[in-house]
Protein chains: 2
Amino acid sequence: MNIGQAAKASGVSAKMIRYYEETGLIPAAGRTASGYRDYSDTDVHMLRFIRRARDLGFAVAEISELLGLWRDESRQSAEVKRLAQGHIAALKKKIADLQDMEQTLTMLVNSCQGDHRPHCPILQRLETDREDENLSIQPRAGAIPRPLQ
Amino acid sequence: MNIGQAAKASGVSAKMIRYYEETGLIPAAGRTASGYRDYSDTDVHMLRFIRRARDLGFAVAEISELLGLWRDESRQSAEVKRLAQGHIAALKKKIADLQDMEQTLTMLVNSCQGDHRPHCPILQRLETDREDENLSIQPRAGAIPRPLQ
DNA sequence: TATTGACCTTCCCATGGTTGGAAGCCCCAC
DNA sequence: GTGGGGCTTCCAACCATGGGAAGGTCAATA
């Protein structure tokens, strides 16, 4: 099987297969007489393993460890579990960071009239960095009608 | 004020200040007779704006737009709001993706005994990609004591 | 005044994972 | 045998950031 077929079968692009080989994540593929890389079903199996681990957000270095454990018949499942738990912790941290951003930004967006006027609490907040500025109690558009200016 | 002082005052590293200048996010700073970059309080103000926007996860290209609106006295707050809402949507998507990963991985971790034995549903799942494999109902370690093997 | 140490300048490199493209060779079908 | 598509390698780019080298500058101190 050449690299294009292996790519299709595994869901890993040919470019990435070469990259994984170059960086040592996977062993160098065999070659045909004319220099084409040659892949077995086992190779494709491994590539699929890699793709699934990537889909779960594992970094290539982590996948390298996972592959080692996968191949090691005498592995201890505790090791795999530890690796996965570490990754879960990293995911949780990323999620928390993004949620903080989202929350702050949502608060700002809610406090912004979003009309034709230039006044904008979002820009104001980027300018002044006042966390405690009570943006959320600003009246929503139309809540308490008052004349513009 | 030289670049080091501007960096300290703004929270943007000197490296990044030069980078932002090079890529056109900020105008080229003035220079002293000896070639040192020279920053005003206004410049520092702008740099702080940039850092805060970065802290909220805005990409540099988005910040470029935000800066334009910031400087534009006749902007419409609706534009800023639209930009921020777009960014919130992107954040939400990222969060959802990461939560999917976390959830799947947590399920796998919970189904893994994590002991000295090699059997490991995490690796199994990476191998077989069976989403519907009912991993979660596997007995937890010690739930129903039975001899190893 | 001379030295020293901390700062500035530019330039290049690395990160991580992925994609794009160019130039040249190979394989298969017609 | 010819054409089109796939293979090979190599180089570059993305994004934001940090590291470091080589050389000039500033300010304080001996």
Side-chain angles (χ1 to χ4, degrees), chain A residues 1-26 28-40 43-44 47-67 87 90-91 93-94 97-98 101, chain B residues 1-26 28-40 43-44 47-67 87 90-91 93-94 97-98 101:
Chain A
M1 197 183 329
N2 67 28
I3 200 171
Q5 293 164 320
K8 201 164 292 179
S10 66
V12 179
S13 74
K15 283 267 184 194
M16 290 313 298
I17 296 176
R18 294 194 195 98
Y19 171 76
Y20 291 150
E21 177 181 320
E22 188 198 331
T23 57
L25 179 63
I26 59 177
R31 298 286 182 136
T32 65
S34 59
Y36 282 22
R37 284 176 182 79
D38 191 43
Y39 295 92
S40 66
D43 294 328
V44 170
L47 288 169
R48 244 185 308 221
F49 180 99
I50 292 171
R51 187 182 55 70
R52 283 177 205 128
R54 290 288 303 140
D55 287 348
L56 288 175
F58 282 98
V60 170
E62 292 168 322
I63 296 177
S64 187
E65 288 191 71
L66 285 173
L67 279 175
H87 185 46
L91 286 172
K93 168 138 185 23
K94 256 187 221 166
D97 288 349
L98 293 175
M101 293 179 193
Chain B
M1 197 183 327
N2 67 28
I3 200 171
Q5 293 165 319
K8 201 163 291 179
S10 66
V12 180
S13 74
K15 282 268 182 193
M16 290 313 297
I17 296 176
R18 294 194 196 97
Y19 170 75
Y20 291 150
E21 177 181 322
E22 188 199 331
T23 57
L25 178 63
I26 59 178
R31 300 286 181 134
T32 66
S34 58
Y36 281 21
R37 284 176 182 79
D38 191 42
Y39 295 92
S40 66
D43 293 329
V44 170
L47 288 169
R48 244 186 307 223
F49 180 100
I50 292 171
R51 187 184 54 72
R52 284 179 205 126
R54 290 288 304 140
D55 287 349
L56 289 175
F58 283 97
V60 170
E62 291 167 322
I63 297 177
S64 186
E65 288 191 71
L66 285 173
L67 279 175
H87 185 46
L91 286 172
K93 167 136 186 27
K94 256 186 221 168
D97 287 349
L98 292 175
M101 292 181 194

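Naming: A, B, ... by sequence-line order, numbering from 1 per chain.
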query = Whole Å only: how far is the CZ atom of A:R31 from the P atom of D:dT8?
reply = 6 Å
message = Given the structure, check if the side chain of A:Y19 and the base of C:dG16 hold any donor-acceptor pair shorter than 3.5 Å.
response = no
message = A side-chain contact here means heavy atoms from C-beta on lying under 4.5 Å apart; do B:M16 and B:R51 qualify?
response = no
ask   = If you check every side-chain atom of B:Y20, which of C:dG17, D:dT17, D:dG24 has the closest atom?
value = D:dT17
inquiry  = Counting distance alone, no hydrogens or angles: does the base of D:dG20 have a donor or acceptor under 3.5 Å from a partner atom on the side chain of B:K15?
reply    = yes
inquiry  = Heavy atoms only, 4.0 Å cut-off, all strands: where does B:A14 land among base, sugar-phosphate and nothing?
reply    = nothing
ask   = Base, sugar-phosphate, or nothing: which does B:R18 touch, judged by heavy atoms less than 4.0 Å apart?
value = base
ask   = Given atom CZ of B:R51 and atom C1' of D:dA16, what is their separation to the nearest angstrom?
value = 16 Å
key: Contact nearer the 5' end of DNA chain C, comparing B:R37 with A:S34   = B:R37
Within-4.5 Å side-chain heavy-atom neighbours: A:L91 and A:L56 = no
inquiry  = If I take atom CD1 in residue B:I17 and atom P in nucleotide D:dA16, what distance separates them, rounded to the nearest angstrom?
reply    = 16 Å
Gap between atoms CD1 and C1', on B:I63 and D:dT17 respectively (whole Å) = 14 Å
ask   = Would you say C:dT18 has OP1 or OP2 under 4.0 Å from some side-chain N or O of A:S13?
value = no
inquiry  = Using the side-chain heavy atoms of A:M16, tell me which of these nucleotides is nearest: C:dT19, D:dT9, D:dA16.
reply    = C:dT19
